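Just so it is clear, the structure is predicted and the values come from calculations on it, not from any experiment. Quick note on labels: first sequence line is chain A, next is B, and so on, each numbered from 1.
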Amino acid sequence: RKEVEQDPGPFNVPEGATVAFNCTYSNSASQSFFWYRQDCRKEPKLLMSVYSSGNEDGRFTAQLNRASQYISLLIRDSKLSDSATYLCVVTHFGNEKLTFGTGTRLTIIP
Amino acid sequence: DTGVSQDPRHKITKRGQNVTFRCDPISEHNRLYWYRQTLGQGPEFLTYFQNEAQLEKSRLLSDRFSAERPKGSFSTLEIQRTEQGDSAMYLCASSLPLPGQELWSSYGYTFGSGTRLTVV
């Protein structure tokens, strides 16, 4: 079993719709949580950090549920430019590496 | 461009050949990481350096792989006797821990554009 699990999709969503992704992690010692975005054949880029209290950045909202060990990302009013792969990432205290999920592929349809 | 630079961008090699990739981190970043990403998967950690010291290596880093960062600046990743299973995107990242957060450095992580290796 992978440490970080995501539904690989693809999610094909009409422009303007709301879409949500979930991610589960197996290591209860996981310390920090992030969503990264990766465009086709490009490097991953940090989209947002995820906090227990939840956080919002424009149309994007991230939530962390430590008890159930899952992380979510909500995208409202989706744009064509949101088409990408969204990677769930966890780290552990005192450990430098990022542990990535397989990514969820999102395509916004005009 | 003050980002993380990787060279070459693409490399095609025959099975059994050796290849070497280079990564130039952001100049003030003292931590440097190598990841490998295969098609349909997320990046997987290979190794990381703090300055010139290699502090962690993944089990993925077989004895055919070696990474160096001799002067704590640029890094090289060498793959000896390449195999078709080595075909992947090799990503380099660098970071500088924020004051008060020296125990982890996920903040400030910046990835390079990667080197895409194809072994034929």
A/I75 and A/W35: same hydrophobic cluster, using ILVMFWY side-chain contacts below 4.5 Å?
->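 Yes: a chain of side-chain contacts under 4.5 Å links A/I75 to A/W35.
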
Is the number of heavy atoms from other residues, nucleotides or ligands under 6.0 Å of [X] [atom1] greater than 12?
X: A/R105; atom1: CZ; value: no
X: A/L80; atom1: CG; value: yes
X: A/E15; atom1: CD; value: yes
X: B/I12; atom1: CD1; value: no
X: A/R59; atom1: CZ; value: yes
X: A/Y70; atom1: OH; value: no

Would you say [X] and [Y] make side-chain contact, with heavy atoms under 4.5 Å?
X: B/Y109; Y: A/F34; result: no
X: A/K97; Y: B/Y35; result: yes
X: A/L98; Y: B/F111; result: yes

Can a donor-acceptor pair be found between the side chains of A/Q38 and B/Q37 at a distance below 3.5 Å?
->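 Result is yes, a qualifying pair exists.
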
What are the two closest non-hydrogen atoms of B/P43 and A/L87, and how far apart are they?
->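 Answer, listing the atom of B/P43 first, then A/L87: CD-CD1, 4.2 Å.
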
Heavy-atom proximity to chain A below 4.5 Å, by part of B/E56 |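 Only the side chain of B/E56 comes within 4.5 Å of chain A.
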
Can you tell me which portion of [X] sits under 4.5 Å from chain B's heavy atoms? Options are side chain, backbone, both or neither.
X: A/P8; result: neither
X: A/K2; result: side chain
X: A/R41; result: both

Between B/G114, B/G112, B/A93, B/G40, which has the largest tally of heavy atom pairs under 4.5 Å with chain A?
->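 The candidate making the most pairs under 4.5 Å is B/G112.
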
